Amino acid sequence: MEILSSLNPPQRQAVEQTEGALLILAGAGSGKTRVITLRITYLIAEKNVPPFNILAVTFTNKAAGEMRERVNTFLQGQKLQSAPLIATFHSLCVRILRQDIEHLSEGYTKSFTIYDTSDQQKVIKACVKDIGLDEKQLSARLVQSQISASKNRGEDYEMYASRVEYADERRAAIARVFKMYEERLNNANALDFDDLLIKTVRLLRKSQEIRDKYNNKFKYILVDEYQDTNALQFALIQYLTEKQQNICVVGDDAQSIYGFRGADIGNILSFEEHYPNAKVIMLEQNYRSTQTILDAADAIISNNEGRKEKKLWTKKDGGEKIFYYQAFDADNEARFVASRIEEHQRRNLQDRIAVLYRTNAQSRVFEDAFRRLRIDYNIVGGFSFYERAEVKDVIAYLKLVLNPFDDIALLRVINTPTRGLGKTTLDELSFRARDFGVSHWEALAIITDEKYDQPLNITARALEALRNFKKVIEKLQVKLSESSQTNKSVTEVVMAAIEDTGYANMLRSENSDESATRLENLEELVNAAVDYDKQEEYGLRDFIDHAALSSDMDKFDRNATVTLMTVHSAKGLEFPIVFLVGLEDGIFPHSRSINEPKELEEERRLAYVAITRAEKILYVTHSMRRRVYGEEMTAEPSQFLNELPLDLIQDLSRGSSWLSFARSSATQNNKHAATALSGETISEKPKNLYTGKTYNNAEAIAEFFKKKTDGQQSSTGNQSSIFASREEESKPLSGMDKLRALSSQNKNPPSAISNPNSFVPGSHVRHAKYGKGLVLRREGTGDNVKLTVSFPGFGQKKLIEKFANLEKA
DNA sequence: AAGTAAATTTTTTTT
DNA sequence: AAATTTACTT
């Protein structure tokens, strides 16, 4: 294969080493996808391996799709009898289970339903309620995450319960709910995401026959993003490679960012122990980024312990510096990004741009700013198409048709559109279902039967409504069996679920803008069905499975010029220009991870992933203020910013920034470096403040004057005063302000004013090691006073006031 | 029972 | 600030 000559030696070896176990440690941008796809191609074209003997597993549909596409391109012109199976872990499991789940003898049938997270929570909510517990004490959310975490460790509810210490009532309650939850899913013939893996592993463990079947089928197995595999996925791979160990895994421990989903970095770190004859190939040449970007990424990740040492290198030269911007607030940050994008696009429209943030909630301000400047953008994440209520409703009808035991689907649509069924009736139905020990659908059939003569807490009218609903579903079932012969079966049934159920009419009669959008979304669903029918061989079953397992990532348009997404979603992608935004303490690293060293390391890997997405230009931004839950909060720069080498950064901030402060601090330790650096920044700043003729100039000037009136600034240009909140002293106090001032003094008797050695929340302090910081919280009294202080660049620290040796700043 | 107003909660990250 | 849940009215 001549194309192989375009590979570097380790890449080429990774392609040609087809037999046995192989671990490819592929650094960011090292041509990993190219190697995997060529490897598949090589197996087929050179080694004459029948395509159906090849299995490639990925985590996302997007990655699978891309791989499929690339392999097809490489194999163009070749006539193949079959295609290699390129699937996600979950879709692979669905495939296996749809064929063989009945061998498990756990009561599941091939027409099982898949429950997504919100379905799970509904079941859990009902369980918590039926157990007689207060929903507020035991939120469905918490229980769901506990159950999922437990399942991903490979436990069942008995193992979970056995780990419960008898004193812990809450955990004991969760264990009870866990048990009930499992029973109800079983009754509903439903599997959650985790079950897909669990049941498959259990099936393979149980049956030698089935294990053989898949071992014989998949002779060559590839696993992408191996660092993200959890215990279950590991077990699955173990079983599938039992016979021939032609297993190739690709990954990068530095990019392991799914610990929260049970991913075990140990799987990749100890691959050689699991497969003693394994070969290891390192791909360290980076083809993506400039040296500057790689240096920045390396500087960040080297703060982590416990990783495989590797150093990326590139033939590219230094390239642009990393651009830095400190914003006043989130809106200002978004406007900055928008105006820079506009500038880039004026110069060059080819360069794709990504705006990466830690949480989906951050996207909104950017969307607004982009709309204002009429910048076309593409957003990944948030609510996916299949998560929209109307789409879920119609899908619920279809799920119910395929699996009438699906209680969640039934309850979702039984009164949508309204059929005159209220809470009382539905509660009675649920009660009967529990009482008889059957599904809601069966209970409904029993109590609506003419011959049923037991007393019921249901009016005649409601009973008629139930019969009516039953007829609607039965008609859909007939439609499904009738149309299964035609080649438009999916479309027909989907349309029936929209029209014949009265759903479309409900929306039409609403006649609002919103209902019009919903109708459009349903049309979109019909379009998806039409596409599905074109691919033949796949029926309604697969269509629904697809809807259940597809995520928003799948709609990522690789040709879009501007894309907004979370850092997690960006993994595996690359962009000439990247904006990494919201680099603030509590956002990135996220507040939930900040106190746990392990989780903080994962955040750092996440930052590493973010930085290494950039090919040519990287921006890092943060804001001084941000709204959290609708409340304005001060935000401190991320500690990750502090881990970037200062000489790689160019400051684009208006006014004095945290960066210039950090630089002048560095100055004190190293006078020589200092003059070079601070000379540049100080001369730049006032110019920007006075002459900048942009949208936020007024704000910039206001910010500047705020500093001037501050009066406390040192003459050396120490820019720390952004944190200051001393305006009250120069302004007349309002009545409310006076009250607040009084009460805060009373709460903390030795106030900062009366006692120079103690510090109240909001005051600024200086620490010998961490420098200047903002006091966030004060707890305890006397010698036991504990302070929570946020130090820009170092994060939040808890300090004992007595020992911390803090100074007023 | 259904629609509206008020109260409450929400934000990690994803298959 | 927005979305979801609950409480209240008709």
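These numbers come from a predicted model, not from an experiment. Chain letters run A, B, ... following the sequence lines, proteins first and then strands; every chain starts at 1.
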Run the side-chain hydrogen bond (donor to acceptor under 3.5 Å, both in side chains) test against A/Arg371 and tell me which residues pass, sequence neighbours left out.
A/Asp368, A/Tyr377

Whole-Å distance, A/Asn152 CG to B/dT14 P, equals 16 Å

Counting primed atoms, P, OP1 and OP2 as sugar-phosphate and everything else as base, the B/S/- map of nucleotides 4-13 of chain B against protein heavy atoms under 4.0 Å is -----SBBBB

Please identify each residue that fulfils salt bridge (Lys or Arg N to Asp or Glu O under 4.0 Å) with A/Lys32, with sequence neighbours left out.
A/Asp224, A/Glu225

B/dT15 P sits how many Å from A/Asp545 CG, rounded?
16 Å

Taking the six-membered ring of A/Tyr258, is the NZ or CZ of A/Arg261 close enough (under 6.0 Å from the centre) and on axis enough (within 45°)?
yes

At 4.0 Å (heavy atoms only), tell me whether A/Thr418 reaches a base, stays on the sugar-phosphate, or touches nothing.
sugar-phosphate

From CZ of A/Phe89 over to P of B/dT14, roughly how many Å is that when rounded to an integer?
18 Å

Reckon A/Thr424 touches a base, only the sugar-phosphate, or nothing at all at heavy-atom distances under 4.0 Å?
sugar-phosphate

Spacing of A/Gln121 atom CD relative to C/dA3 atom P, expressed in whole Å:
18 Å

Rounded to whole angstrom units, what separation is found between the NZ atom of A/Lys423 and the P atom of B/dA2?
14 Å

Residues in side-chain hydrogen bond (donor to acceptor under 3.5 Å, both in side chains) with A/Tyr115, at least two apart?
A/Asp406

Would you kindly give the CD-to-P distance between A/Glu632 and C/dA1, to the nearest whole Å?
9 Å

How close or far is atom P of C/dA1 from atom CZ of A/Phe366, stated in whole angstroms?
18 Å

Should A/Asn415 be listed as having a side-chain N or O under 4.0 Å from OP1 or OP2 of B/dA2?
yes

Test item: side-chain donor near acceptor, A/Asn267 and A/Tyr226, under 3.5 Å:
no

Applying salt bridge (Lys or Arg N to Asp or Glu O under 4.0 Å), can you list everything that pairs with A/Arg592, at least two apart in sequence or on another chain?
none

Atom pair distance, as rounded to whole Å: CD1 in A/Ile114 and P in B/dT14
19 Å

With A/His590, which residues qualify under ring pair (Phe, Tyr, Trp, His ring centres under 6.0 Å), at least two apart?
none

B/dT15, C/dA2, C/dT5: which one has an atom nearest the side-chain heavy atoms of A/Lys125?
C/dT5

